[in-house]
Amino acid sequence: MNKKIIIRTLEKIALYMELKGENPFKVSAFRKAAQALELDQRSLDEIEDVTKLKGIGKGTGDVIVELIEKGKSTVLEELQAEVPSGLVPLLKLQGMGGKKLAKLYKELGIDSAEALKQACLDHQIQKLPGFGPKSEDKILKELTDFESKPGRHPIWKTEEAVRFIEDVLEKIEGVSEFSVAGSYRRTKETSKDLDFIVATAEPAKVKEELLAALPIQETIASGDTKVSVTVEFQDLIDIDFRLVAPEEFVTALHHFTGSKDHNVKLRQLAKSQNKKISEYGVEQEDGSVATFTSETDFYAHFGLPFIPPTVREDGREFDRLDDIPNLVALEDIRADLHMHTTWSDGAHSLKEMIEANRSRGYEYMVITDHSHYLKVANGLTPERLLAQNAEIRELNKQYSDIEVLSGTEMDILPDGSLDFNDEVLSQLDFVIASIHSSFQQPREQIMERILTAMKNPHVDMIAHPTGRIVGQRSGYDPDVEQLLDWAKEYGKIVELNASPYRLDLAVEYLEMAQEKGVPVAINTDAHAVNQLEVMAIGVRHAQKSWLKKDHVVNTWPLERLREYLKN
DNA sequence: GCCGTTTTCGGCCCGACTGTTTTCAGTCG
């Protein structure tokens with residue numbers, strides 16, 4: 001029995017229990033059991049007694065054992081006999097929970113989206129106690145939105161909205177401080193909605209100006225301190241604003257940054273210290289409420305070091321506090337190893353790119369334009385590459401504060417060959433190999449191509465190793481574990497491509513790379529000078545993967561990297 | 001259902017908002 005199937009079954013049981021109107025704590029016990037299993041790194045065979053795990057007791061333990069031994073769960077089967085499966089997807093409707101759906105099923109026999117819609121149209125819902133005409137309208141609207149609204153927004157889409165809103169808030173008088181919070185602040189790949197914390201002594205005025213400045217499609221909720229709206233950018237996106245008093249800013253920011261699991265853990269810790277955390281402050285034993293001027297102070301109040309938003313996820317961060325000071329940070333970055341110029345498909349010249357890197361304070365950089373196979377990107381022929389190489393060597397003489405290295409982003413062709421021969425490659429300082437074509441090939445063929453690049457002694461790094469676009473395409477589906485094993489064997493670097501479109505490798509694979517001892521480079525793949533800024537996103541993505549500074553090659557001094565590349 | 005250096009019962013993070021009520025349940029994050 002697969003561990004993932006067990007985790008999903010426990011979660012499924014929780015869903016059905018919710019629809020049965022079970023005690024919410026019982027429901028969450030099943031979710032916690034699923035999470036306990038998921039967070040344990042061991043395989044099922046390696047766990048001797050599941051009930052030894054915190055969060056798994058007799059009830060959930062029995063379910064797990066039955067699943068392992070018989071491949072089924074009596075508990076789930078009984079629930080499924082009682083609760084129609086058509087209700088499960090309805091839990092996703094905004095404003096609909098287990099209790100309401102249970103009532104609708106019990107009173108009106110509603111067991112599917114169609115039945116729910118019909119009951120609304122027949123005005124059956126408003127007859128029930130606890131429901132009214134507004135409930136009916138809302139459900140109908142939700143049922144329609146359900147199909148059209150995108151579920152989660154990739155980070156490259158939310159970025160635009162965040163910038164826009166930041167500009168708006170910047171201009172509103174009476175706003176003393178503001179920040180984006182939520183999963184965006186934690187640098188998740190995708191976000192369900194955006195959260196902003198706004199500190200102000202004049203909430204009514206600020207709220208009014210804020211709402212007037214946004215392209216609002218719909219107002220979901222509008223209270224004194226909380227405003228939820230659907231805003232029209234590229235897509236429709238839900239945004240929550242919290243208007244708080246200036247002294248509450250830090251605790252509110254922390255609260256709405258989450259994650260939920262992180263907050264629960266911290267609140268439990270606070271409780272053990274006879275303190276109570278809310279978004280307004282920390283209530284002390286004597287009833288007074290402490291507020292803070294920084295999150296660092298806030299954490300220190302509980303005897304904790306500052307925990308960066310990027311690692312506030314499943315609660316395990318509290319067990320890894322000692323690793324936090326070693327996590328890679330933006331100021332550790334000494335170089336960018338992947339960027340393009342007007343020689344191929346970049347927007348800026350060699351000189352402009354060099355100046356932009358200098359002004360970021362980098363100690364070295366690598367120019368890596370595309371190779372000739374990539375005709376749409378005006379890829380360089382061997383002749384042009386060598387000409388560029390010469391120009392870079394010449395330009396480099398002009399700078400004493402930055403070392404400009406000559407490289408390439410060379411295509412791994414569909415037939416598995418490389419776009420430049422060894423003689424050309426041997427003249428470069430840094431060689432990137434990457435796949436830009438024939439993504440649909442079977443995995444074996446993709447892996448063959450990757451292996452060719454791995455075996456070539458001139459290749460130093462594999463760029464965007466899976467070819468994914470966050471929230472849009474999954475890439476060419478390589479066997480990443482195998483890829484990392486090869487990288488280890490052949491001494492290659494794997495890239496963390498910092499472009500918010502890519503963030504490739506993903507978190508789970510970066511964790512795997514670090515475990516296997518495969519070094520990582522965080523690169524922007526910039527095609528214009530302003531794109532060098534995405535290094536910050538890449539570094540946060542790296543933190544999320546718990547990458548330590550020393551594991552990231554572009555935090556190394558150039559001499560150390562050169563030494564490494566020789567091997 | 002799970003948990004326990006105040007334990008085997010009584011908590012389980014905490015508060016806002018909505019729509020229904022006429023003081024609160026349900027949902028959400």
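Here the side chain of A/Ala221 is nearest to one of B/dC13, B/dG15, B/dT18, namely B/dT18. Nearest to the side chain of A/Gln94, among B/dC28, B/dG26, B/dC14, sits B/dC28. Closest to the side chain of A/Lys226, from the set B/dG1, B/dC17, B/dT20, is B/dC17. Looking at the side chain of A/Asn23, the nearest of the listed nucleotides B/dG29, B/dA16, B/dC12 is B/dC12. Set against B/dG15, B/dT27, B/dG11, the side chain of A/Lys276 has B/dG15 as its closest nucleotide. The A/Ser278 side chain lies nearest to B/dC14 when the options are B/dG1, B/dC28, B/dC14. Of the candidate nucleotides B/dG19, B/dG1, B/dG11, B/dG1 has the atom nearest to the side chain of A/Thr60.
Note on A/Lys32: nothing from the nucleic acid sits closer than 4.0 angstrom, heavy atoms only. Using a 4.0 Å heavy-atom cutoff across all strands shown, A/Lys99 reaches sugar-phosphate atoms only and no base atom. Nucleic acid contact for A/Thr225: sugar-phosphate only, since backbone atoms but no base atoms lie under 4.0 Å from a heavy atom of the residue. Residue contacts for A/Ser222: at a heavy-atom cut-off of 4.0 Å it reaches the sugar-phosphate backbone alone, with no base atom in range.
For the residue pair A/Gln284/A/His301, the side-chain donor-acceptor check at 3.5 Å is satisfied.
Base pairing annotation: B/dG15 forms a Watson-Crick or G-U wobble pair with B/dC28, both donor-acceptor distances under 3.5 Å.
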Show every donor-acceptor pair shorter than 3.5 Å between a side-chain atom in residues 100-107 of chain A and any protein atom, with sequence neighbours excluded, or say none if there are none.
{"residue": "A/Lys100", "atom": "NZ", "partner": "A/Gly95", "partner atom": "O", "Å": "3.3"}
{"residue": "A/Lys103", "atom": "NZ", "partner": "A/Pro129", "partner atom": "O", "Å": "2.9"}

